[in-house]
J.: 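One structure follows; several queries about it will come next.
Bear in mind the structure is a predicted one, so any value in this text is a computation, not a measurement.
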Amino acid sequence: MAGIVVIGAGQAGASCAAKLRALGHDGPITLIGEEAVPPYQRPPLSKKYLLGEMALERLFLRPESYYAEADIALHLNCSVTAIDRKDRVVIAGGQTIGYDDLVLTTGSVPRRLPGRIGGDLEGVHVVRDLKDVDSMAPEFVAGRHVLIVGGGYIGLEAAAVAASRGLKVTLVEMGARILQRVAAPETSEYFRALHRAHGVDLREGIGLETLLGETRVTAARLSDGSELDVDFVIVGVGITPATELAEMAGLEIENGIRTDAFGRSSDPHIWAAGDCASFPHEGGRLRLESVPNAIDMAECVAANILGAETPYVPQPWFWSDQYDVKLQIAGLNTGYDRIVTRPGDGAGHVSFWYYKGDRLLAVDAMNEPRAYMVGKRLIDAGKSADPARVADPATDLKALLSA
């Protein structure tokens with residue numbers, strides 16, 4: 001028996017391997033990762049870990065000893081160079097490893113600035129893995145000037161850490177507003193005000209023209225013609241699914257590795273989960289970039305490999321920590337046509353409820369965990385809530401669940 005091989009030792013890969021064992025699979029399991037450390041959490045990298053508030057070992061999803069105890073062969077610092085679908089083997093670190101079923105949990109890769117505009121200069125960083133954060137950590141010295149390119153959640157979280165450490169922060173977003181792709185204008189305004197209150201020079205509708213410097217970045221020229229002296233740059237302009245290995249193997253690609261409702265790729269013996277995979281959703285296809293999706297889809301794939309034949313139905317939720325604000329998001333806001341604002345109990349506490357007609361789609365909750373929890377329960381159950389009652393601060397949120 002060749003067993004099950006999982007390529008990608010991140011949240012999805014680790015979750016899939018552990019779930020296979022938890023469900024009673026007693027055959028060989030191999031988990032292959034390119035990094036030199038066991039599977040770890042990524043969200044704290046750009047926050048508590050970067051701030052020095054979390055040790056490396058606390059990032060680990062499980063102690064390294066777990067994998068040996070669970071009889072999971074963990075291959076670290078190991079790159080897979082090819083998949084042979086005909087013979088059902090992968091070439092990894094010079095070894096040939098056979099499989100009965102193969103799971104691709106290869107994640108995603110950050111978009112980088114082109115070399116022609118200075119993207120290859122020293123001092124230009126992305127935020128994705130441990131190596132990225134370790135390389136930028138020494139740059140965070142009070143009084144230095146950091147330019148952050150991109151006003152999505154990664155860029156805003158980096159800005160919050162830098163401002164909290166006493167750095168001078170300039171953030172540029174070439175779109176009309178920060179968070180334009182992922183949130184309503186109300187949420188953008190909330191975080192715009194929050195960052196400016198912490199001294200961030202936030203410039204919307206302005207892009208980066210080029211970075212300047214001999215070998216290391218020293219300045220930046222922006223699209224409005226202005227120039228800034230900078231000490232380093234953080235690029236947060238999105239990620240793309242890591243599909244190179246799947247493409248080389250001839251698997252179907254459609255905004256990631258194309259899977260069916262069970263997580264199976266175009267090859268019946270190859271599965272995919274997490275950031276790298278797209279799946280059927282409400283008549284179209286969806287790819288989610290989040291920890292909850294990585295875990296839930298990977299565990300669903302593990303069950304389906306063992307014969308469950310259970311369709312993956314996402315229940316999306318996300319979060320972001322910036323300064324003393326915890327943003328919690330339930331649902332997907334695509335197609336909304338109305339925002340209902342619900343004031344919270346304190347200053348800076350608020351939630352925005354996204355509706356399409358009378359249907360509740362999503363909730364953005366800032367320091368409002370109860371609004372988030374109620375909204376998530378409604379959305380997961382396929383229920384809605386009367387917008388007028390939501391907007392009324394006198395309405396008991398829990399009462400919405402029984403309406």
J.: Tell me whether E247 at atom CD has more than 12 heavy atoms from other residues, nucleotides or ligands lying less than 6.0 Å away.
T.: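 Yes, CD of E247 has more than 12 neighbouring heavy atoms, counting only those of other groups under 6.0 Å.
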J.: Does a side-chain heavy-atom distance below 4.5 Å link E139 with D231?
T.: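 No. Closest side-chain heavy atoms not under 4.5 Å.
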J.: Indicate yes or no for a side-chain donor-acceptor contact from Y372 to the backbone of L327 under 3.5 Å, with no hydrogens or angles considered.
T.: no
J.: Any donor-acceptor pair under 3.5 Å linking the side chain of Q41 with the backbone of R58?
T.: yes
J.: Y49 and D134: side-chain donor and acceptor closer than 3.5 Å?
T.: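 The criterion, which ignores hydrogens and geometry beyond distance, is satisfied for D134 and Y49.
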J.: Could you state the interatomic distance from CE (M373) to CG (L397), rounded to the nearest 0.5 Å?
T.: 10.5 Å
J.: Measure across P110 and V126 and return the closest heavy-atom pair with its distance rounded to 0.1 Å.
T.: CG-CG2, 3.8 Å
J.: Using a 3.5 Å distance criterion without hydrogens, assess whether the side chain of T105 forms a donor-acceptor pair with backbone atoms of G8.
T.: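 Side chain of T105 to backbone of G8: a pair is present.
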J.: Would you check if the side chain of S226 reaches a backbone N or O of L222 as a donor-acceptor pair within less than 3.5 Å?
T.: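 It does not hold such a pair.
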J.: So do F352 and N333 actually touch side chain to side chain, heavy atoms under 4.5 Å?
T.: no
J.: Does atom CG (D358) have a neighbourhood of more than 12 heavy atoms from anything else shown, all under 6.0 Å?
T.: no
J.: Can you name the closest pair of heavy atoms from L171 and G151 and give their distance?
T.: CD2-CA, 3.9 Å
J.: Quick one: CG on L61 to OH on Y40, what's the gap to the nearest 0.5 Å?
T.: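 Answer rounded to 0.5 Å: 10.0 Å.
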J.: Has the side chain of D100 got a donor or acceptor atom that lies under 3.5 Å from a matching backbone atom of G3?
T.: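 Pair found, side chain donor or acceptor close to backbone of G3.
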J.: Would you name the heavy atoms of V363 and A371 that are closest together and state the gap between them?
T.: CG1-O, 4.3 Å
J.: Cut-off 3.5 Å, side chains only: do D267 and S265 have a donor facing an acceptor?
T.: no
J.: Between N293 and F318, does a side-chain contact (heavy atoms from CB on, under 4.5 Å) hold up when you go through it step by step?
T.: CA-CA 9 Å; N293 174 70; F318 314 84; over 6 Å; no
J.: Using every non-hydrogen atom in the two residues, find where D392 and R342 come nearest and quote the distance to one decimal.
T.: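 Smallest heavy-atom distance, with atoms named: O-NH1, 2.9 Å.
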J.: How close do P316 and L288 get, heavy atom to heavy atom, and via which atoms?
T.: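 Reported closest heavy-atom pair: CG-CD1, 4.1 Å.
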J.: Between T310 and N304, is any pair of side-chain heavy atoms under 4.5 Å apart?
T.: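 Result yes, sub-4.5 Å side-chain heavy-atom pair found.
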J.: Let me see the working for T334 and L361 under side-chain contact (heavy atoms from CB on, under 4.5 Å), right down to the final yes or no.
T.: CA-CA 8 Å; T334 307; L361 299 179; over 6 Å; no
J.: Quick one: which of V233, I117, D120 gives a side-chain contact (heavy atoms from CB on, under 4.5 Å) with L211?
T.: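 Running side-chain contact (heavy atoms from CB on, under 4.5 Å) over V233, I117, D120 with L211 returns exactly one hit, V233.
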J.: How about S108 and E289: do any of their side-chain heavy atoms sit closer than 4.5 Å?
T.: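 Not in contact.
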J.: Any chance you could lay out the side-chain contact (heavy atoms from CB on, under 4.5 Å) test for K326 and Q328, step after step, and finish with the verdict?
T.: CA-CA 6 Å; K326 186 170 194 70; Q328 294 170 287; 4.2 Å; yes
J.: Any donor and acceptor pair, going by atom type alone, linking the side chain of R221 with main-chain N or O of G225 inside 3.5 Å?
T.: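 Not confirmed, R221 side chain does not pair with G225 backbone.
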J.: Is it true that E252 and R285 have a side-chain N and a carboxylate O under 4.0 angstrom from each other?
T.: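 Salt bridge: no.
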J.: Within the structure provided, determine whether S266 and R258 are in side-chain contact (heavy-atom separation under 4.5 Å).
T.: no
J.: Rounded to the nearest 0.5 Å, how far apart are CZ of R216 and OG1 of T218?
T.: 9.5 Å
J.: For a 4.5 angstrom cut-off between non-hydrogen side-chain atoms, does P38 reach Y66?
T.: no
J.: Return the CD to CG distance between E189 and L194, rounded to the nearest 0.5 Å.
T.: 11.0 Å
J.: Ignoring hydrogens and geometry, is there a side-chain-to-backbone donor-acceptor pair from H145 to D229 under 3.5 Å?
T.: yes
J.: Do you know which of H198, H195, E157 makes side-chain hydrogen bond (donor to acceptor under 3.5 Å, both in side chains) with Q322?
T.: H195
J.: Between M248 and I83, is any pair of side-chain heavy atoms under 4.5 Å apart?
T.: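 No - every pair of side-chain heavy atoms lies 4.5 Å or more apart.
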J.: Without swapping roles, check the side chain of R389 against the backbone of L400 for a donor-acceptor pair under 3.5 Å.
T.: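 Judged by distance alone, no pair lies under 3.5 Å.
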J.: Where is the tightest heavy-atom contact between I239 and R128, given as atom of each residue plus distance?
T.: CD1-NH1, 4.2 Å
J.: For the CG atom on D345, are there more than 12 heavy atoms of other groups (residues, nucleotides or ligands in this structure) within a distance under 6.0 Å?
T.: no
J.: What ring pair (Phe, Tyr, Trp, His ring centres under 6.0 Å) pairs are there with at least one residue in residues 91-121, not counting sequence neighbours?
T.: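 Those involving residues 91-121 do not exist here.
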J.: Taking R377's backbone N and O only, do any of them form a donor-acceptor pair with D380's side chain (distance below 3.5 Å, no angle check)?
T.: no
J.: Hey, is CD on E53 packed in by over 12 heavy atoms from elsewhere, all under 6.0 Å?
T.: yes
J.: Would you compute the distance between atom CD1 of I257 and atom CG of N255 and round it to the nearest 0.5 angstrom?
T.: 11.5 Å
J.: Can you check side-chain contact (heavy atoms from CB on, under 4.5 Å) on K19 and V301, steps first, answer last?
T.: CA-CA 9 Å; K19 190 65 172 180; V301 163; over 6 Å; no
J.: If only atom types and distance count, is the side chain of Y354 paired as donor or acceptor with the main-chain N or O of G331 below 3.5 Å?
T.: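 Side chain of Y354 to backbone of G331, a donor-acceptor pair under 3.5 Å: no, none is there.
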J.: Kindly check if the number of other-residue, nucleotide or ligand heavy atoms within 6.0 Å of CD (E64) is above 12?
T.: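 Counting other residues, nucleotides and ligands, CD of E64 stays at 12 neighbours or fewer.
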J.: Do the non-hydrogen side-chain atoms of K48 and D321 ever get within less than 4.5 Å of each other?
T.: no
J.: Measure the spacing between SG of C300 and CH2 of W271 and express it to the nearest 0.5 Å.
T.: 9.0 Å
J.: Decide if atom CE of M174 counts as having more than 12 heavy atoms of other residues, nucleotides or ligands within a radius under 6.0 Å.
T.: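 Result for CE/M174: open.
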